[in-house]
Protein chains: 2
Amino acid sequence: MKASPLTVASIVEAAADLADATGFDSVTLSAVARRLGVRSPSLYSHVKDRDALLEGVTILALTELASRVSVAVAGRAERSALEALADAHRDYARESPGRWEALQRPAGEEAARSAGARDVVALTAAVLRGYPLPESEHVHAVRFIGSTINGYLRIERNGGFAHSRPSAAVSWHRIIDALDAALRAWPAPSEGERP
Amino acid sequence: MKASPLTVASIVEAAADLADATGFDSVTLSAVARRLGVRSPSLYSHVKDRDALLEGVTILALTELASRVSVAVAGRAERSALEALADAHRDYARESPGRWEALQRPAGEEAARSAGARDVVALTAAVLRGYPLPESEHVHAVRFIGSTINGYLRIERNGGFAHSRPSAAVSWHRIIDALDAALRAWPAPSEGERP
DNA sequence: GGGAAAGCCTAATGCTATTAGGTATATGGT
DNA sequence: ACCATATACCTAATAGCATTAGGCTTTCCC
């Protein structure tokens with residue numbers, strides 16, 4: 001009586017759910033196998049090793065995140081789009097903390113080249129359309145936005161804002177404001193800063 | 001013949017060195033014990049458990065980072081100070097990757113309250129002195145700067161910039177420029193964003 | 001039906017954290 | 001000086017993990 005046929009996708013999904021439920025670090029092959037009602041060596045027919053499984057979760061998370069961001073920024077521009085982008089990240093981190101954690105680990109080749117990764121970058125770049133930045137500056141601005149959003153969520157999640165006032169929620173809006181201001185006042189590259 | 005007397009400090013330092021040499025994840029009690037020429041259960045007389053050891057490394061890293069930042073920003077103001085702050089973080093991440101990794105994990109009570117943590121925040125706030133921000137906005141700006149620097153270094157370290165041009169090094173300067181611009185053009189808080 | 005391949009299993013190895021309890025060495029009181 | 005004690009290390013043992021090797025059972029193709 002096989003409830004489910006045990007595929008790569010079902011294993012990765014179980015791992016992702018487990019990560020959300022009990023933390024990314026608790027995603028062990030044993031635990032995933034238990035959750036699937038199977039013995040852990042059985043997973044090796046479908047997944048190379050633990051690292052490959054975690055990379056699978058990363059790719060899944062990238063896909064899901066790209067999808068959410070895509071919906072969020074559709075039909076918006078400038079500050080509204082920026083805020084939607086940031087909030088999509090934050091919502092995802094809140095609702096799927098384990099999956100989001102998977103985005104924070106060194107990206108393997110496959111994850112780096114995945115459609116999700118490409119889409120997240122492309123969607124971030126799309127937000128820049130409304131801002132007065134030369135095309136050549138888009139790479140840097142994308143990295144800037146990505147760094148800030150990611151860094152903020154990580155510090156918030158790590159409890160770095162928990163011990164000071166005001167609450168992290170207030171800063172979040174101020175930081176989107178600041179990002180918006182930075183994009184509007186984007187500095188011209190000085191000598192030697194041009195690619 | 002005891003080469004070293006095995007104290008909490010020596011254990012934490014060995015763990016930190018090991019993290020720098022072979023990666024933060026490879027810091028196991030066994031490996032640290034091996035490095036100290038001792039059996040792993042012996043460590044339990046000095047350290048509660050693995051988690052406490054890792055927290056010790058975090059606190060050590062915070063202390064070291066605060067010290068470097070302190071030296072770097074001394075005698076500087078505005079953009080120069082901001083750049084020195086950012087570069088101090090980046091240099092530390094480069095030179096002591098394992099210790100820096102320790103900063104990226106959920107902060108326990110002790111780490112959160114440590115002098116190093118307080119100092120890093122205070123030094124970041126000090127950089128704001130040259131900028132035209134009201135005192136009430138400093139918290140947000142500190143979080144903004146911290147998020148961006150941390151997020152950038154993390155993505156760079158995870159290889160997130162490795163697959164696109166131009167190199168991460170170029171963006172680094174553009175991002176410090178952008179931070180500087182954001183602080184100069186710091187937006188006034190709208191309704192409901194005041195603490 | 002025969003055979004091969006899938007897809008799961010058990011068994012085994014070696015690593016890890018952690019606890020329990022032993023032993024020797026230094027220390028402190030008298 | 002001597003004994004008691006505490007310190008600081010040790011060995012032994014348990015249990016969980018990743019991973020490999022090899023076996024059994026079902027399914028499906030010819």
Side-chain angles (χ1 to χ4, degrees), chain A residues 1-60 98 101-102 104-111, chain B residues 1-60 98 101-102 105-106 108-111:
Chain A
M1 185 177 59
K2 301 186 174 66
S4 57
L6 202 59
T7 66
V8 179
S10 69
I11 295 173
V12 168
E13 198 186 326
D17 291 347
L18 190 60
D20 287 338
T22 64
F24 189 73
D25 288 344
S26 76
V27 177
T28 70
L29 286 179
S30 315
V32 172
R34 252 189 311 270
R35 170 174 278 251
L36 290 167
V38 136
R39 305 307 184 112
S40 42
S42 303
L43 301 180
Y44 285 87
S45 313
H46 306 276
V47 175
K48 184 173 166 292
D49 57 11
R50 180 169 188 257
D51 207 62
L53 172 61
L54 299 186
E55 173 125 355
V57 177
T58 301
I59 293 171
L60 172 66
E101 273 289 321
Q104 310 300 308
R105 27 161 272 139
E109 276 298 309
E110 200 183 339
Chain B
M1 184 178 57
K2 302 186 173 62
S4 56
L6 203 60
T7 65
V8 178
S10 69
I11 294 173
V12 169
E13 197 185 326
D17 291 347
L18 190 60
D20 286 339
T22 64
F24 189 74
D25 288 343
S26 76
V27 177
T28 70
L29 286 177
S30 316
V32 171
R34 255 190 308 272
R35 171 173 275 250
L36 290 167
V38 134
R39 304 308 184 110
S40 42
S42 303
L43 301 180
Y44 284 87
S45 312
H46 306 275
V47 174
K48 183 172 167 293
D49 57 10
R50 181 169 187 256
D51 207 60
L53 172 61
L54 298 185
E55 173 127 354
V57 176
T58 300
I59 293 170
L60 172 65
E101 273 289 323
R105 27 160 272 139
E109 275 299 308
E110 201 183 340

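To find a chain, count down the sequence lines: A is the first, B the second, and so on, and within it residues start at 1.
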For the side chain of A:Val38, starting at C-beta, report the closest nucleotide among C:dT16, D:dC10, C:dC8. C:dC8
Got a list of protein N/O to nucleotides 19-22 of chain D N/O distances below 3.5 Å?
from: D:dT19; atom 1: OP2; to: A:Tyr44; atom 2: OH; distance (Å): 2.9
from: D:dT19; atom 1: OP2; to: A:Arg50; atom 2: N; distance (Å): 2.9
from: D:dT19; atom 1: O5'; to: A:Tyr44; atom 2: OH; distance (Å): 3.2

Tell me whether the side-chain N/O atoms of A:Ser42 come closer than 4.0 Å to OP1 or OP2 in C:dC9. yes
Of the listed C:dT16, D:dC17, C:dC8, the closest approach to the A:Ser30 side chain comes from D:dC17
Quantified as the angle between the terminal helix axes (five pairs each), what is the overall bend of the helix from C:dG1-D:dC30 to C:dT30-D:dA1 to 10 degrees? 0°
Would you say a side-chain N or O of B:Arg34 is under 4.0 Å from OP1 or OP2 of C:dT16? yes
Calculate the interatomic distance between A:Leu6 atom CG and C:dG7 atom P; express it in whole Å. 9 Å
Rounded to the nearest angstrom, tell me the gap between atom NE2 in A:His46 and atom P in C:dG7. 6 Å
Are B:Thr58 and B:Leu54 packed together at the side-chain level, in the sense that at least one heavy-atom pair is separated by less than 4.5 angstrom? no
Separation of atom CD1 in A:Ile11 from atom P in D:dA18, rounded to whole Å: 13 Å
So, taking the atom named OG in B:Ser26 and the one named CG in B:Leu18, what distance separates them when rounded to the nearest 0.5 Å? 4.5 Å
Please step through side chain to side chain contact (heavy atoms under 4.5 Å, CB included) for the pair B:Glu110 and B:Ile59, ending with a clear verdict. CA-CA 8 Å; B:Glu110 201 183 340; B:Ile59 293 170; 3.8 Å; yes
Could you state the CG-P distance from A:Leu36 to C:dC9, rounded to the nearest angstrom? 11 Å
Run the numbers on B:Arg105 and A:Asp25 for salt bridge (Lys or Arg N to Asp or Glu O under 4.0 Å), then give the verdict. CA-CA 11 Å; B:Arg105 27 160 272 139; A:Asp25 288 344; over 6 Å; no
Test side chain to side chain contact (heavy atoms under 4.5 Å, CB included) applied to A:Tyr44 and A:Leu29, step by step: CA-CA 9 Å; A:Tyr44 285 87; A:Leu29 286 179; 3.1 Å; yes
Extract all donor-acceptor atom pairs below 3.5 Å that involve side chains of residues 32-40 of chain A and protein atoms in other chains or at least two apart in sequence.
none

To the nearest 0.5 angstrom, please state how far the OG1 atom of A:Thr28 sits from the CZ atom of A:Arg50. 7.0 Å
Listed nucleotide nearest any side-chain atom of A:Arg39, set D:dA18, C:dT16, C:dC9: C:dC9
Which nucleotide in the list C:dT16, C:dC8, D:dA18 gets nearest to the side chain of A:Thr28? D:dA18
Ignoring hydrogens and angles, tell me if any N or O in the side chain of A:Glu55 forms a donor-acceptor pair with the backbone of A:Ala111 under 3.5 Å. yes
Tell me: CG of A:Asp25 to P of D:dG16, nearest whole Å? 19 Å
Which distance, rounded to the nearest 0.5 Å, do you find between the CG of A:Leu53 and the CD1 of A:Ile11? 7.5 Å
